[in-house]
Amino acid sequence: MTTLRRAFEIVLRRVLHVHWRFTRGLTLGVRAVVIDGSNRVFLIKHSYVAGWHLPGGGVEPGETLLRALGRELAEEGNIVLVEPPKLHGFFFNTSASQRDHVAVFVVRSFRQIAPPRPNYEIADHGFFPLDALPEDVTPGTQRRITEVMQGLPAPERW
């Protein structure tokens, strides 16, 4: 994919997100707590927002949750699902808008076909041990990791 095309797609996504915020009853996203065989968690750092996050993004019209999750993991981490992920929970994410809901899945069975390359959307990425997460992991991301790793129930709010 050309650099110009990728930049256009990122701008288009941002414009569409603003449009959806004002024209739809709600927005729906997916995120994944991806855990490798060494019990490390995969995190990404976006180019357009501070902090480290779980990989994921918006569910496009006509997509299922699992299809959107697979697409986002491939785009952001070159990660391919090997087995269906386990649903951790649904969250009302008021930090994004009063209409945003996020489905969080736990992914333990996957292949990373190649290390992802930083691009206009993803500035950095990596698998991190639980005791050595980056300092600027977002609070919601930290809470989801803690819930999954400690077997805690998912609250309603992000």
Side-chain angles (χ1 to χ4, degrees), residues 13-14 16-113 115-116 121-158:
R13 276 188 178 181
R14 289 180 187 164
L16 288 174
H17 183 72
V18 169
H19 169 74
W20 291 332
R21 276 185 149 177
F22 294 106
T23 62
R24 293 191 176 171
L26 65 91
T27 56
L28 180 60
V30 291
R31 296 226 178 237
V33 180
V34 179
I35 305 164
D36 72 5
S38 298
N39 227 27
R40 299 177 304 164
V41 177
F42 183 74
L43 298 174
I44 59 168
K45 192 167 211 169
H46 293 282
S47 59
Y48 52 87
V49 64
W52 287 86
H53 301 262
L54 298 170
V59 178
E60 302 291 340
E63 272 188 323
T64 66
L65 291 172
L66 292 180
R67 176 98 172 152
L69 183 67
R71 176 181 50 76
E72 290 291 342
L73 289 175
E75 289 176 3
E76 297 180 353
N78 282 336
I79 292 172
V80 177
L81 296 170
V82 172
E83 293 179 13
K86 179 183 174 193
L87 178 65
H88 172 59
F90 286 101
F91 300 86
F92 181 38
N93 184 9
T94 57
S95 66
S97 76
Q98 291 298 307
R99 302 174 173 160
D100 192 47
H101 292 78
V102 180
V104 176
F105 292 88
V106 178
V107 174
R108 291 184 184 268
S109 185
F110 65 93
R111 287 184 297 114
Q112 189 174 43
I113 56 177
E121 182 182 4
I122 306 301
D124 206 354
H125 60 84
F127 280 94
F128 297 92
L130 298 174
D131 61 354
L133 296 176
E135 289 183 18
D136 57 342
V137 168
T138 63
T141 297
Q142 180 66 62
R143 286 191 296 271
R144 301 301 77 83
I145 293 169
T146 299
E147 291 159 10
V148 167
M149 300 312 282
Q150 294 182 7
L152 301 173
E156 289 184 351
R157 295 183 179 269
W158 186 256

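We number each residue from 1, following the sequence as shown. Keep in mind that what you see is a predicted model, and the values were worked out from it rather than measured.
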Taking all heavy atoms of [X] and all of [Y], pick out the closest pair and write down the distance.
X: T138; Y: A50; result: CG2-O, 4.0 Å
X: P55; Y: E76; result: CA-OE1, 3.2 Å
X: F91; Y: A154; result: CZ-CB, 3.6 Å
X: Q112; Y: P116; result: NE2-CD, 3.4 Å
X: A68; Y: G58; result: CB-O, 4.3 Å
X: T64; Y: V59; result: O-CG1, 4.2 Å

Which distance, rounded to the nearest 0.5 Å, do you find between the [atom1] of [X] and the [atom2] of [Y]?
X: L65; Y: L28; atom1: CG; atom2: CG; value: 5.0 Å
X: W158; Y: R143; atom1: CH2; atom2: CZ; value: 8.5 Å
X: E121; Y: I44; atom1: CD; atom2: CD1; value: 7.0 Å
X: I145; Y: L43; atom1: CD1; atom2: CG; value: 5.0 Å
X: L73; Y: I79; atom1: CG; atom2: CD1; value: 5.5 Å
X: E63; Y: E72; atom1: CD; atom2: CD; value: 8.0 Å

Can you name the residues that form a salt bridge (Lys or Arg N to Asp or Glu O under 4.0 Å) with [X], not counting sequence neighbours?
X: R31; result: none
X: D36; result: R40
X: D136; result: K45

- prompt: Residues two or more places apart in sequence or in another chain: which of them pass ring-ring contact (aromatic ring centres under 6.0 Å, His included) with F105?
  reply: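 Testing F105 for ring-ring contact (aromatic ring centres under 6.0 Å, His included), a comparison that skips the adjacent residues, returns none.
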Notebook entry, point to check: Sequence neighbours excluded, which residues qualify as ring-ring contact (aromatic ring centres under 6.0 Å, His included) partners of F128?
Noted result: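 Once residues adjacent in sequence are excluded, the partners of F128 under the ring-ring contact (aromatic ring centres under 6.0 Å, His included) criterion are W52.
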Practice item. With sequence neighbours left out, write down each residue that passes side chain to side chain donor-acceptor pair (under 3.5 Å) with H125, or none if nothing qualifies. Key: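 Counting only residues at least two positions away or on another chain, H125 forms no side chain to side chain donor-acceptor pair (under 3.5 Å).
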For this session: Could you walk me through whether L54 and R144 pass the side chain to side chain contact (heavy atoms under 4.5 Å, CB included) test, one step at a time?
Result: CA-CA 9 Å; L54 298 170; R144 301 301 77 83; 3.8 Å; yes
Exercise for review: Please tell me if the side chains of I122 and E75 come closer than 4.5 Å, counting only heavy atoms from C-beta onward.
Suggested key: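 Answer no - side chains too far apart.
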Does any non-hydrogen side-chain atom of V41 lie less than 4.5 Å from one of T141?
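No, every pair of side-chain atoms sits at 4.5 Å or beyond.
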Would you please test T27 and H101 for side chain to side chain contact (heavy atoms under 4.5 Å, CB included) and show each step?
-> CA-CA 6 Å; T27 56; H101 292 78; over 6 Å; no
Practice task
Please test R108 against N39 for side chain to side chain contact (heavy atoms under 4.5 Å, CB included), starting from the C-alpha separation and ending with a verdict.
Solution key: CA-CA 9 Å; R108 291 184 184 268; N39 227 27; 4.1 Å; yes
